[in-house]
Structures are given as C-alpha cells and as structure tokens.
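Beneath this line is the structure, given in structure tokens, with notes to follow.
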Amino acid sequence: MSTNVLRTRDGWWVARGDLAVPVDTKAETTAELIADSAAVTAARQSTEDGVPIAELEPLSPVTTPCRVVAQMVNYRSHAKDSGFTGDIPPAFFRKASGSVSAPGGEIRRPAHVRFLDYEVELGLVLGAALPIGATVTEEDLPKYVAGLVITNDVSARDVQLTKTQFYESKSYPTFTPTGPFLALLDAEDFAHLTSLRLSLSVNGELRQDRTVTDMIVRPAQALTLLARFQSLDPGDLLLTGTPGGTALKAPPKIAEKIGALLPADVKWKMFFRSQSRNPRYLADGDVVTATIATPDRRIDLGRQHTPVVGS
C-alpha cells in the first residue's frame, strides 16, 4: 500500500488516517527523504498517536530547486477541447522550480495577466536517476518513480498564446501548487495508476473529471521519450498532462479560418475579446480544489485548496 508523506516547516510526517506521525529523519530534500526509507517505514509502524493533520500547514512535498518538466496535450479529452485531430506527437516543456508552491497557499495572479487558467495534473516524483538513453518499461517503472503528487499547472493564457511562450506563462511564482501528500508507492501500487481519477472544481463547480485511462502517453513511455534528451534526478517532478475542462478551448473552425487571414494584432484582439466573455477563467477570490485518488482510496493524494489573489 502507498504511504502518504507530508512536509511542514517542522519536518516530514507520515499520514495515518486523520493523524500524522513525525518522521525521525535528517532529510531536508525530497530526494533525501525518499532515500531514508527506513525512517518512513518506522513512522508508518509507530505506535504514537500523532497529531491531527488539520492542525498542520503542509508545504509542497517536492522541495526546490529541482527540475520540473511537463507533458503537453496528453489527455484525449484535452486534445479535443484544444481542437487537435488525428495523432498528437508527444511534447514536453519546462517550468521554473520557483513556481512550485504549497497545496493550501495562494495562486497569485500577476497584474498583467487577464486570462488565468487551471490544469489539474498527476505529478510523478523521481526516486532514481533517469539517464540519457534510458528505456523505461511498465515493469521497471517502480525503479524510477518513487511517488505521486497532485499538481496544478496554472497558466497565463494571454502570455502563452500571444508569445507562444510556455515557460513564462506557466512559471510565475505559485503557478505549480503541489501536494498536500507525496504518495510513496509500493511496487504493486503501480498496477492501479489507470484507476486514478483527477478532479478539479472552482468555487465548488466541477470543471475537470477524468481517469488516467484518458491519458495518451503513459508514464513509462513518457520517461523513455524524455530520456532521449533530458536526464532527471531523484526528487525531480514530471507533470503528466491535464484532462479536458480547462477554461481555454479552441475557437470554432470557421473562426479559426477567418483568424488565419487577419493580421496578428487584429486576430488576437478579436480572440481575447471573445475570451473576455468566458466566465471560466480564474478571478480573484476564486478557490480551486483538486483531488486525485483511486475509487477504493488505495492511492489517495489528498485535497488541494488554493485561493486566487491579485498581485
């Protein structure tokens, strides 16, 4: 069974139901905590009563600096929303590790960003080095992936689209809320990954709700493709794409064809005028809630609550 670990300013904790037991470890980073499996096991087996998790203020269980890599358009439902047809080539992009933030912290919208979007994603936390040229099979996935986290790939769509700039649009501080739990997996847990359901709501309204079966390129293949050009280390984070239901959707085909005939400044002015009537973009005061779990709660990554605030 998976072991849920959380991090606070006081150190690392193992979750047992509604209680948390401190991990007796000198680990300061995620990689060091993963390496100290004996301390995690001891906390899991401890007879201490623990403290209520509700009394703790979790930080991101992924410590920084680290590499943060993300997959682009990796769910069929998201591909449909985005106007893609046919085969979709696998693609990756980087996010600044400074965008990683606490699971109960604020999402801070930069003053120049009007169209702020959400993307719940399953995050893979590396437990071993992934060298260039590695081939990862389903069978040896546990060798490379130590655990899972909830992530939200917050996106400034007006920056992303006008500049075709993924790195900037997704790398502002607080644009990757992560946690609350790092679910450290046993080898047999990996057989249940496709049962994981990703859900995201805004102010209680369900926006995204799909299982991993909707994923196009699954983790073992993604790591193999990534290893063609990018190495990873323990503690690094791979975001594996988001399901459909984001605020941004492709315009109707006729509008797309007309837009292709217009000068760029006119096209974007018209597009964002139409987007300004879309109520699904995040506004100051909104609260985003994200969960990822299997139906039987064998793997349960917890619940992430993040309010949106202006700069």
Side-chain angles (χ1 to χ4, degrees), residues 1-5 30-31 33-35 37 61-62 66-79 84 86-95 119-153 166 176 178-179 181-198 208 210-244 292-296 298-301:
M1 294 288 289
S2 61
T3 302
N4 278 354
V5 176
T30 304
L33 187 278
I34 291 169
S37 58
V62 175
C66 65
R67 295 182 183 90
V68 182
V69 183
Q71 291 176 257
M72 184 174 66
V73 192
N74 195 39
Y75 278 71
R76 294 174 183 85
S77 54
H78 188 214
F84 288 93
D87 293 335
I88 301 169
F92 300 89
F93 59 91
R94 288 286 296 269
K95 296 188 67 163
E119 295 187 7
V120 63
E121 306 205 12
L122 176 65
L124 310 182
V125 178
L126 274 288
L130 179 76
I132 296 293
T135 297
V136 182
T137 65
E138 295 290 340
E139 289 71 25
D140 59 17
L141 188 60
K143 172 184 174 183
Y144 293 100
V145 176
L148 310 174
V149 289
I150 299 172
T151 61
N152 184 357
D153 180 21
F166 276 72
T176 315
T178 303
F181 296 131
L182 166 60
L184 297 175
L185 304 184
D186 291 334
E188 59 268 23
D189 293 323
F190 285 83
H192 300 267
L193 293 190
T194 55
S195 297
L196 287 166
R197 179 171 291 276
L198 290 71
Q208 295 182 278
R210 288 289 193 284
T211 67
V212 170
T213 56
D214 191 34
M215 192 180 282
I216 299 169
V217 176
R218 295 187 181 175
Q221 183 186 0
L223 290 173
T224 299
L225 293 170
L226 188 60
R228 294 182 303 182
F229 61 91
Q230 170 75 73
S231 62
L232 294 176
D233 292 318
D236 286 345
L237 177 62
L238 173 63
L239 281 59
T240 56
T242 196
I292 300 178
T294 58
D296 60 3
R298 179 190 181 98
I299 304 174
D300 187 345
L301 306 187

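Because the structure is a prediction, the values reported are computed rather than measured. Starting from 1, each residue takes its place in the sequence as its number. Heavy-atom basis, side chains included; hydrogens, waters and symmetry copies ignored.
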Who pairs with [X] by side-chain hydrogen bond (donor to acceptor under 3.5 Å, both in side chains), at least two apart in sequence or on another chain?
X    : value
S2   : none
S195 : none
R218 : none
E188 : none

Hey, does the side chain of [X] reach the backbone of [Y] with a donor-acceptor pair shorter than 3.5 angstrom?
X    : Y    : value
E121 : G241 : yes
T194 : V212 : no
R94  : A70  : no
N74  : M215 : no
D214 : S77  : yes

Output the distance between atom [atom1] ([X]) and atom [atom2] ([Y]), rounded to the nearest 0.5 Å.
X    : Y    : atom1 : atom2 : result
L301 : N4   : CG    : CG    : 7.0 Å
D186 : T3   : CG    : OG1   : 6.0 Å
L33  : L182 : CG    : CG    : 7.0 Å
T213 : L196 : OG1   : CG    : 10.5 Å
L122 : I292 : CG    : CD1   : 5.0 Å

Distance-minimising heavy-atom pair for [X] and [Y]:
X    : Y    : answer
V120 : T242 : O-OG1, 2.8 Å
Y144 : L223 : CB-CD1, 4.4 Å
V217 : A222 : CG1-N, 3.6 Å
P61  : V149 : CG-CG1, 3.9 Å
D300 : F181 : O-CD1, 4.0 Å
P219 : L124 : CB-CD1, 3.6 Å

Q.
Set out, in order, the CA-CA distance, both residues' side-chain angles and the distance that settles side-chain contact (heavy atoms from CB on, under 4.5 Å) for T151 and V62, then state yes or no.
A. CA-CA 10 Å; T151 61; V62 175; over 6 Å; no

Q. Can L238 and V145 be said to form a side-chain contact (heavy atoms from CB on, under 4.5 Å), step by step?
A. CA-CA 10 Å; L238 173 63; V145 176; over 6 Å; no

Those residues that, when tested against [X], pass side chain to side chain contact (heavy atoms under 4.5 Å, CB included) (two or more places apart):
X    : result
I88  : V73, A79, F84, I216
D296 : T294, R298
A31  : T29, P234
P89  : none

Q: Name all residues meeting the ring-ring contact (aromatic ring centres under 6.0 Å, His included) criterion together with F166; count only those two or more places apart in sequence or in a different chain, and write none if there are none.
A: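 ring-ring contact (aromatic ring centres under 6.0 Å, His included) list for F166, sorted by chain: F93.
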
Q: Only counting residues at least two apart or in another chain, list the ones meeting ring-ring contact (aromatic ring centres under 6.0 Å, His included) with F190.
A: none

Q. Are T30 and V125 close enough that some pair of their side-chain heavy atoms sits under 4.5 Å apart?
A.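 Heavy-atom side-chain distance check passes, below 4.5 Å.
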
Q: Any pair with a residue in residues 220-239 that passes salt bridge (charged side-chain N to carboxylate O under 4.0 Å, His left out), sequence neighbours left out, goes on the list, sorted by first then second residue, please.
A: R67-D233, R67-D236

Q) Among pairs that include at least one residue of residues 125-151, which meet salt bridge (charged side-chain N to carboxylate O under 4.0 Å, His left out), considering only residues two or more places apart or in two chains? A)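 Applying salt bridge (charged side-chain N to carboxylate O under 4.0 Å, His left out) to every pair that reaches into residues 125-151, excluding sequence neighbours, yields nothing.
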
Q: Might you work through the side-chain contact (heavy atoms from CB on, under 4.5 Å) test for L141 and L193, ending with a clear yes or no?
A: CA-CA 11 Å; L141 188 60; L193 293 190; 4.2 Å; yes

Q. Does the side chain of T176 pick up a donor-acceptor pair with the side chain of T178 at under 3.5 Å?
A.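 Not at all, the side chains of T176 and T178 share no donor-acceptor pair under 3.5 Å.
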
**Q.** Derivation of the side-chain contact (heavy atoms from CB on, under 4.5 Å) call for L198 and T211
**A.** CA-CA 6 Å; L198 290 71; T211 67; over 6 Å; no

